[in-house]
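Please read these numbers as outputs of a predicted model, since none were measured by experiment.
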Amino acid sequence: MVQVNLKRKYENNSCTHGILTIPAYNFKCLTLELCDGDGKVYKQDCRISEGMYPLVQGYAQGWPMFPVLKKKPKGFAKKPGFNLSADCYMELPAGDIALGTEKLDNFSIRQSDELATAFKDIFQDVFFRKEIAVLCVYKSNNYVTEDVGFFQTLEKMYDFINDDDYDEDELEDDRLDG
C-alpha cells in the first residue's frame, strides 16, 4: 500500500497550507487548500475533511494515470482532486489540493513543472504496479489558525497606502535632512 500523507499546518479564514508526503517514494511538497468546511451541508469553497480517502487511477490534469478519489465526499458537487496548476486559493475548485514548492504568502504557493512531473511519474509507477493508494488527511500537532482573510488583508493594505495622516512638508524636510 502506498500512503499519501497530507499534514495541515496553517489555516486562515480563506485557505489552508500543509505538507504532502509520499514516504515510499521520498516525495515531499507544500499544499494549498480552501478553508475548513466542517459544519456546512454544501461544501462550496472549502476543503475535504480529515480522514482517509482511497485513490484510484483516473484521467485528470491532462494525464491518464492521475490519482483521483475513489468516491466523491458527501456535500461536494464533484470529486475533489490534486491540482498542479492553481497557485492562489481563489483558483482552487472546492476540495482540491494544490501542490507547490514554496509558500509565497498566506494565500498562495509556487507551482513547479518539475514537481508536477515527479508527482505524475510516482503515480504512473503506483498504478502500473497495481498498488493500493490511500490519502490520509490530518492536522499537525502544532496547527495554527489565524483569524484573517484575503479581503481583510487587501483592505489593510489599501488603508495603509491611502493613509493621509502624514504631513507632506514634514516628509520633504526628512528627505532634505537625510
Side-chain angles (χ1 to χ4, degrees), residues 1-55 61 67-76 79-120 122-123 126 131-157 159-160:
M1 181 175 84
V2 175
Q3 189 168 328
V4 181
N5 299 314
L6 172 54
K7 183 192 302 185
R8 293 176 173 153
K9 311 249 321 150
Y10 167 85
E11 173 187 14
N12 59 43
N13 296 348
S14 300
C15 60
T16 305
H17 285 272
I19 297 173
L20 184 110
T21 58
I22 308 172
Y25 288 86
N26 200 25
F27 178 86
K28 184 176 183 178
C29 70
L30 299 179
T31 63
L32 176 68
E33 301 173 271
L34 296 175
C35 62
D36 187 8
D38 288 345
K40 295 181 180 178
V41 175
Y42 299 104
K43 305 297 183 177
Q44 300 171 1
D45 300 328
C46 64
R47 67 187 188 206
I48 60 175
S49 299
E50 293 177 38
M52 295 180 70
Y53 300 89
L55 299 171
Q61 301 284 305
V68 296
L69 298 182
K70 185 174 184 175
K71 295 182 180 180
K72 178 178 69 81
K74 188 176 182 178
F76 284 90
K79 277 187 193 179
F82 297 100
N83 195 308
L84 301 174
S85 59
D87 58 2
C88 179
Y89 88 96
M90 288 190 284
E91 298 171 357
L92 276 172
D96 275 15
I97 303 164
L99 307 180
T101 56
E102 177 184 359
K103 181 178 175 181
L104 298 175
D105 56 37
N106 287 341
F107 309 100
S108 59
I109 59 176
R110 183 178 313 280
Q111 296 293 311
S112 162
D113 290 337
E114 294 82 19
L115 174 79
T117 301
F119 188 76
K120 290 175 185 177
I122 286 170
F123 280 97
V126 167
E131 291 273 355
I132 295 171
V134 177
L135 171 64
C136 302
V137 182
Y138 59 96
K139 289 181 182 175
S140 73
N141 290 336
N142 55 352
Y143 188 77
V144 175
T145 302
E146 196 172 42
D147 190 22
V148 63
F150 181 72
F151 293 108
Q152 293 168 319
T153 303
L154 286 180
E155 286 174 7
K156 288 178 184 177
M157 288 172 38
D159 291 345
F160 177 76

Minimum side-chain heavy-atom gap [X]-[Y] below 4.5 Å:
X      : Y      : answer
Thr31  : Phe82  : no
His17  : Leu32  : yes
Gln3   : Val134 : no
Val144 : Lys9   : no
Asn5   : Tyr138 : yes
Leu20  : Leu135 : yes

In terms of heavy-atom contacts, does [atom1] of [X] have more than 12 from other residues, nucleotides or ligands at under 6.0 Å?
X      : atom1 : value
Asp45  : CG    : no
Lys103 : NZ    : yes
Asn141 : CG    : no
Lys72  : NZ    : yes

>> Under a plain distance cut-off of 3.5 Å, with no hydrogens placed, do Ser85 and Asn83 share a side-chain donor-acceptor pair?
In response: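 Yes - a donor-acceptor pair under 3.5 Å links their side chains.
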> Does any donor atom in the side chain of Thr16 or Arg47 lie under 3.5 Å from an acceptor atom in the other side chain?
Replying inline: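 Per modelled atom types, Thr16 and Arg47 side chains form a pair under 3.5 Å.
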Identify the two heavy atoms, one from [X] and one from [Y], that lie closest to each other, and give their separation to 0.1 Å.
X      : Y      : answer
Ala118 : Phe27  : CB-CE1, 4.2 Å
Leu99  : Cys29  : CD2-SG, 3.8 Å
Thr101 : Gln111 : OG1-O, 4.4 Å
Pro80  : Pro73  : CD-CD, 3.5 Å
Leu84  : Lys120 : CD1-CE, 3.8 Å
Ala86  : Ala98  : O-CB, 3.5 Å

Spacing of [X] atom [atom1] and [Y] atom [atom2] [to the nearest 0.5 Å]:
X      : Y      : atom1 : atom2 : value
Cys136 : Leu6   : SG    : CG    : 9.5 Å
Ile22  : Ile122 : CD1   : CD1   : 4.5 Å
Lys139 : Glu11  : NZ    : CD    : 6.0 Å
Phe119 : Tyr25  : CZ    : OH    : 12.0 Å
Thr145 : Asp36  : OG1   : CG    : 8.5 Å
Lys70  : Ile132 : NZ    : CD1   : 8.5 Å

> Hey, mind stepping through Phe76 and Leu69 against side chain to side chain contact (heavy atoms under 4.5 Å, CB included) and telling me if it holds?
Replying inline: CA-CA 12 Å; Phe76 284 90; Leu69 298 182; over 6 Å; no
> Taking only residues two or more places apart in sequence or in another chain, which ones pass side chain to side chain contact (heavy atoms under 4.5 Å, CB included) with Lys28?
Replying inline: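 Result, side chain to side chain contact (heavy atoms under 4.5 Å, CB included) vs Lys28: Ile19, Thr21.
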> What pairs with Leu34 under side chain to side chain contact (heavy atoms under 4.5 Å, CB included), at least two apart in sequence or on another chain?
Replying inline: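 Partners of Leu34 by the side chain to side chain contact (heavy atoms under 4.5 Å, CB included) criterion, ordered by chain and then number, come out as Tyr89, Leu92.
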>> Using a 3.5 Å distance criterion without hydrogens, assess whether the side chain of Asn12 forms a donor-acceptor pair with backbone atoms of Asn106.
In response: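 Judged by distance alone, yes, a pair lies under 3.5 Å.
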